[in-house]
Undergrad: 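To start, I am sharing the structure in question, which I have written as structure tokens.
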Amino acid sequence: NPSSRRLGMSLCSQARSEMKAGKIDAAERLLMRAEEIPPGRTGHMLELATLFGNYDRWVEELELLDEEIEQSSNCHYLGQLWAKKSYVFAEQGKAAEALSAADAAVSFDKDSISGHYLRGRALGLLGRLLEAEESIRRVLTTNPDHPEALRAMKMIREALPRKKWWQLW
């Protein structure tokens, strides 16, 4: 129903405005209302998860993401959900979980720039710098101006052991 979709989008837009104004409870209520409108869920729940993450409400965000993952069958959307989950784990310093979630994101959406970036980030957190460099290079091949990937590549290269010029031969 187009009018339901417009109403859901309008509620999400209002929620973003409330977030910017620092009115978290109001934003959360609007997003919960948007979720109840058919067809509901898809974009609205990802917005709600983002709201939770913006305020370090990691447990609630992970619960919501897990619930969405269980209910979704759309591969592209599942890729987004797993990528978001990887980000949450990385923000908490849970590198192994972040890598597992990033691998899942890439398995659902092989061309996911965010999935490959987050995979590289998780590998970097684990100290697997050569593998991290490979994942980040894949992102930069697709999008050479990706700011986070550029920053990550710089950090990886600074962290890799330096070889003398004669060791490169």
Undergrad: Name all residues meeting the side-chain contact (heavy atoms from CB on, under 4.5 Å) criterion together with Arg157; count only those two or more places apart in sequence or in a different chain, and write none if there are none.
TA: Glu133, Arg137, Met153
Undergrad: Please report the closest heavy-atom contact between Leu129 and Ala159, naming both atoms and the distance.
TA: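 Heavy-atom minimum between the residues: CD1-CB, 3.7 Å.
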Undergrad: Once salt bridge (Lys or Arg N to Asp or Glu O under 4.0 Å) is applied, what residue pairs with a partner in residues 85-104 remain, sequence neighbours excluded?
TA: Asp66-Lys85, Glu91-Arg121, Asp103-Arg119
Undergrad: Please determine whether residues Val88 and Leu123 belong to a single hydrophobic cluster, defined as Ile, Leu, Val, Met, Phe, Trp and Tyr linked transitively by side-chain heavy-atom distances below 4.5 Å.
TA: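 No, Val88 and Leu123 fall in different hydrophobic clusters.
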Undergrad: Answer with yes or no whether the hydrophobic clustering places Tyr117 together with Phe108; edges join I, L, V, M, F, W, Y residues whose side-chain heavy atoms lie under 4.5 Å apart.
TA: no
Undergrad: Output the distance between atom CG (Leu64) and atom CD1 (Ile69), rounded to the nearest 0.5 Å.
TA: 10.0 Å
Undergrad: Are Trp58 and Leu118 connected in a single hydrophobic cluster, I mean Ile/Leu/Val/Met/Phe/Trp/Tyr linked by side-chain heavy atoms less than 4.5 Å apart?
TA: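 No, Leu118 and Trp58 fall in different hydrophobic clusters.
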Undergrad: Not counting sequence neighbours, which residues clear side-chain hydrogen bond (donor to acceptor under 3.5 Å, both in side chains) with Ser112? List them please.
TA: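 With neighbours one apart ignored, the set is Ser114.
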Undergrad: Using side-chain contact (heavy atoms from CB on, under 4.5 Å) as the criterion, list what pairs up with Lys23, not counting sequence neighbours.
TA: Glu18, Ala21, Ala26
Undergrad: If you compare all heavy atoms of Gly120 against all heavy atoms of Ala132, which two are closest, and at what distance to 0.1 Å?
TA: O-CB, 3.3 Å
Undergrad: How about Phe89: does its CZ atom have over 12 heavy atoms from other parts shown lying under 6.0 Å from it?
TA: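 Enclosed: over 12 neighbouring heavy atoms sit under 6.0 Å from CZ of Phe89.
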Undergrad: At their closest point, which heavy atom of Ile136 faces which heavy atom of Ala152, and how far apart are they?
TA: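 In terms of heavy atoms, the two residues are closest at CD1-CB, 4.0 Å.
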Undergrad: Just do the salt bridge (charged side-chain N to carboxylate O under 4.0 Å, His left out) check on Lys154 and Glu158 with the steps written out, would you?
TA: CA-CA 6 Å; Lys154 182 179 183 230; Glu158 288 173 357; 3.6 Å; yes
Undergrad: Are there over 12 heavy-atom neighbours, none belonging to Glu134, within less than 6.0 Å of that residue's CD?
TA: no
Undergrad: Quick one: closest heavy-atom pair of Ala15 and Ala27, and the distance?
TA: O-CB, 3.4 Å
Undergrad: Only counting residues at least two apart or in another chain, list the ones meeting side-chain contact (heavy atoms from CB on, under 4.5 Å) with Leu150.
TA: Leu140
Undergrad: Can you give me the closest heavy-atom contact between Gly115 and Ala102, atom names plus distance?
TA: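 Scanning both residues completely, I find the closest heavy atoms to be O-CB, 4.0 Å.
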Undergrad: Using modelled atom types and a 3.5 Å cut-off, is there a donor and acceptor pairing between side-chain atoms of Ser86 and backbone atoms of Ala98?
TA: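 Indeed, once roles are kept as given, a pair shorter than 3.5 Å links the two residues.
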Undergrad: Rounded at 0.5 Å granularity, tell me how far CG in Leu81 sits from NE2 in His76.
TA: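 Result: 10.0 Å between the selected atoms.
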Undergrad: List the residues meeting side-chain contact (heavy atoms from CB on, under 4.5 Å) with Ile113, not counting sequence neighbours, and say none if there are none.
TA: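 With sequence neighbours excluded, Ile113 shows a side-chain contact (heavy atoms from CB on, under 4.5 Å) to Val139, Thr142, Asn143, His146, given in chain and number order.
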Undergrad: Let me see the working for Leu62 and Gln92 under side chain to side chain contact (heavy atoms under 4.5 Å, CB included), right down to the final yes or no.
TA: CA-CA 12 Å; Leu62 286 170; Gln92 297 178 80; 3.8 Å; yes
Undergrad: Are Ile156 and Leu130 grouped together when hydrophobic residues (ILVMFWY) are joined by side-chain heavy atoms under 4.5 angstrom apart?
TA: yes
Undergrad: Are Met155 and Leu125 connected in the hydrophobic side-chain network, where two residues link if heavy atoms are under 4.5 Å apart?
TA: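 No, separate clusters.
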